[in-house]
Asker: 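The structure is given below, and queries will be raised subsequently.
Excluded from the calculations below are hydrogen atoms, water molecules and symmetry mates; all remaining heavy atoms, backbone and side chain alike, are included.
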Protein chains: 2
Amino acid sequence: MVTKQLTGSPEDADLARAGSLAREIFSNVANKWAFLIVEGLGDRTLRFSELRSEVEGISHKMLTQNLRMLERYGLIERTVYATVPPRVEYTLTEPGQALRATVDGMCGWTRRYFGHIEAARRRFDA
Amino acid sequence: MVTKQLTGSPEDADLARAGSLAREIFSNVANKWAFLIVEGLGDRTLRFSELRSEVEGISHKMLTQNLRMLERYGLIERTVYATVPPRVEYTLTEPGQALRATVDGMCGWTRRYFGHIEAARRRFDA
DNA sequence: CTGTATCCTTTGGGATACTG
DNA sequence: CAGTATCCCAAAGGATACAG
């Protein structure tokens, strides 16, 4: 039998390694705007402007920037209709939907521990 | 019967509302350093310096800053031993452990879709 | 409507030094 | 060792204007 490889394949890339691609993906995706976009999109197909009003407080720039990032990683699909004015629709891909489960988990977590956290926060600030 | 309240209680605070406390919590916690700290801590109890070497690439400043934030929200417990030199230990609380489940989910997600994402990324960049 | 680019302000974040 | 504070640069991010 072969001993377990110490240097993993790309598939095993350790998230802890600051320079790894896995870490890059993790770091880019684990930010509030990406999460709020994924959550706002859900299983729907939304236009840029619809998505923007869905994600409260996001600026035009942040929305495009994060949409590009998510598209680059293949988490969303971008469909352009060559009409005038242009119509662009966004929808989560399968990897995007899978990520959505994680984000949903965090939303649930926030709701569930809202009381705990609020109390801890008040205690700490005192 | 009563109709469903349109203005929810704090417990129902909508994450989507940019100004809400729930959104503040979500936005602060959903960042790479917080996630990596939670993941690095796991179910262990680590000292500041141990945690720092666990979370590769984090600076002294970012570590303290995020630890304060997590402590403020009651996600980690900070224990100070009045020795010299001082010894400070960090461990996840129950809400912190619950969050860890979410973070673990995202780590799994990253490993699972690493191939998809890498391929999409190359396609996009071409 | 969507997207890019520019400008400008704010914040993030590293390095260093200093205190308990 | 752990924490705070300072300095300073780079990146985030908002506002605006413009192009397709």
Asker: Between D/dG3, C/dG13, D/dG14, spot the one nearest the side chain of A/Lys61, thanks.
Answerer: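 Between D/dG3, C/dG13, D/dG14, the one nearest the side chain of A/Lys61 would be D/dG14.
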
Asker: So if I take every side-chain heavy atom of A/Pro86 and compare against C/dG20, D/dG20, C/dT4, which nucleotide ends up nearest?
Answerer: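 For the A/Pro86 side chain, the nearest candidate turns out to be D/dG20.
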
Asker: Using a strict 4.0 Å threshold on nitrogen-to-oxygen distance, state whether A/Arg100 and A/Glu94 make a salt bridge.
Answerer: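 The answer is no: the pair does not qualify as a salt bridge.
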
Asker: Roughly, in whole Å, what's the span from CG in A/Leu67 to P in C/dT4?
Answerer: 10 Å

Asker: Please report the distance, rounded to the nearest Å, between CD in B/Glu71 and P in D/dA2.
Answerer: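 Taking atom P of D/dA2 as the reference, CD of B/Glu71 is at 14 Å.
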
Asker: Which whole-number value in Å describes the distance from B/Trp33 CH2 to D/dA12 P?
Answerer: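 Atom-to-atom, B/Trp33 to D/dA12, this comes out as 13 Å.
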
Asker: Take B/Pro85 and A/Asn66, find for each the nucleotide of DNA chain D with the closest heavy atom, and name the residue whose nucleotide sits nearer the 5' end.
Answerer: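 Whichever sits nearer the 5' end wins; that is B/Pro85.
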
Asker: Report yes if at least one side-chain N or O of B/Arg87 is closer than 4.0 Å to OP1 or OP2 of D/dA2; otherwise report no.
Answerer: no

Asker: If only side-chain N and O atoms of B/Arg52 are considered, is one of them under 4.0 Å from the OP1 or OP2 phosphate oxygen of D/dC1?
Answerer: no

Asker: Nearest of D/dG14, D/dT4, C/dT4 to any side-chain atom of A/Arg68?
Answerer: C/dT4

Asker: Does a salt bridge link A/Glu118 with A/Arg121, judged by any charged N lying under 4.0 Å from a carboxylate O?
Answerer: no

Asker: Do A/Glu71 and A/Tyr90 get their side chains close enough for a donor-acceptor pair, meaning under 3.5 Å?
Answerer: no

Asker: Give the rounded distance in Å between these two atoms: CG of B/Leu70 and P of D/dG3.
Answerer: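 Atom CG in B/Leu70 sits about 13 Å away from atom P in D/dG3.
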
Asker: Answer with base, sugar-phosphate or nothing: what part of the nucleic acid does B/Tyr90 contact at a heavy-atom distance below 4.0 Å?
Answerer: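 Counting heavy atoms under 4.0 Å across all strands, the contact made by B/Tyr90 is with sugar-phosphate only.
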
Asker: For D/dA2 and B/Arg78 - does any side-chain N or O of the residue sit under 4.0 Å from the phosphate oxygens OP1/OP2?
Answerer: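 For D/dA2, neither OP1 nor OP2 has a side-chain N or O of B/Arg78 closer than 4.0 Å.
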
Asker: Which of these nucleotides, D/dG13, C/dC1, C/dG3, is closest to any side-chain atom of A/Lys32?
Answerer: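 Looking only at side-chain atoms, A/Lys32 lies closest to D/dG13.
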
Asker: Quick one: is A/Ser49 getting a side-chain N or O under 4.0 Å of the C/dT2 phosphate, OP1 or OP2?
Answerer: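 A/Ser49 to C/dT2 OP1/OP2: side-chain N or O found under 4.0 Å.
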
Asker: Is the phosphate of D/dA2 approached by B/Arg47 (side-chain N or O, under 4.0 Å from OP1 or OP2)?
Answerer: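 For D/dA2, OP1 or OP2 has a side-chain N or O of B/Arg47 closer than 4.0 Å.
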
Asker: Could you check how far CE of A/Met62 sits from P of C/dG3, rounded to whole Å?
Answerer: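 To the nearest whole Å, that distance equals 15 Å.
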
Asker: In terms of ring plane angle, is the pair A/His116 and A/Tyr113 parallel, tilted or perpendicular, where the classes change at 30° and 60°?
Answerer: perpendicular

Asker: Hey, could you give me each pair passing side chain to side chain donor-acceptor pair (under 3.5 Å) that has a residue in residues 43-52 of chain B? Not counting sequence neighbours.
Answerer: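 As it turns out, the side chain to side chain donor-acceptor pair (under 3.5 Å) pairs with a partner in residues 43-52 of chain B, which skip direct neighbours, are B/Arg44-B/Glu54.
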
Asker: Under 3.5 Å, is there an N or O donor on one side and an acceptor on the other linking the side chain of A/His60 and the base of C/dG3?
Answerer: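 Side chain to base: pair present.
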
Asker: In whole angstrom, what separates A/Asn28's CG from D/dA11's C1'?
Answerer: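 After rounding, the reported distance stands at 13 Å.
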
Asker: Give the rounded distance in Å between these two atoms: CG of B/Asn31 and P of D/dG13.
Answerer: 11 Å

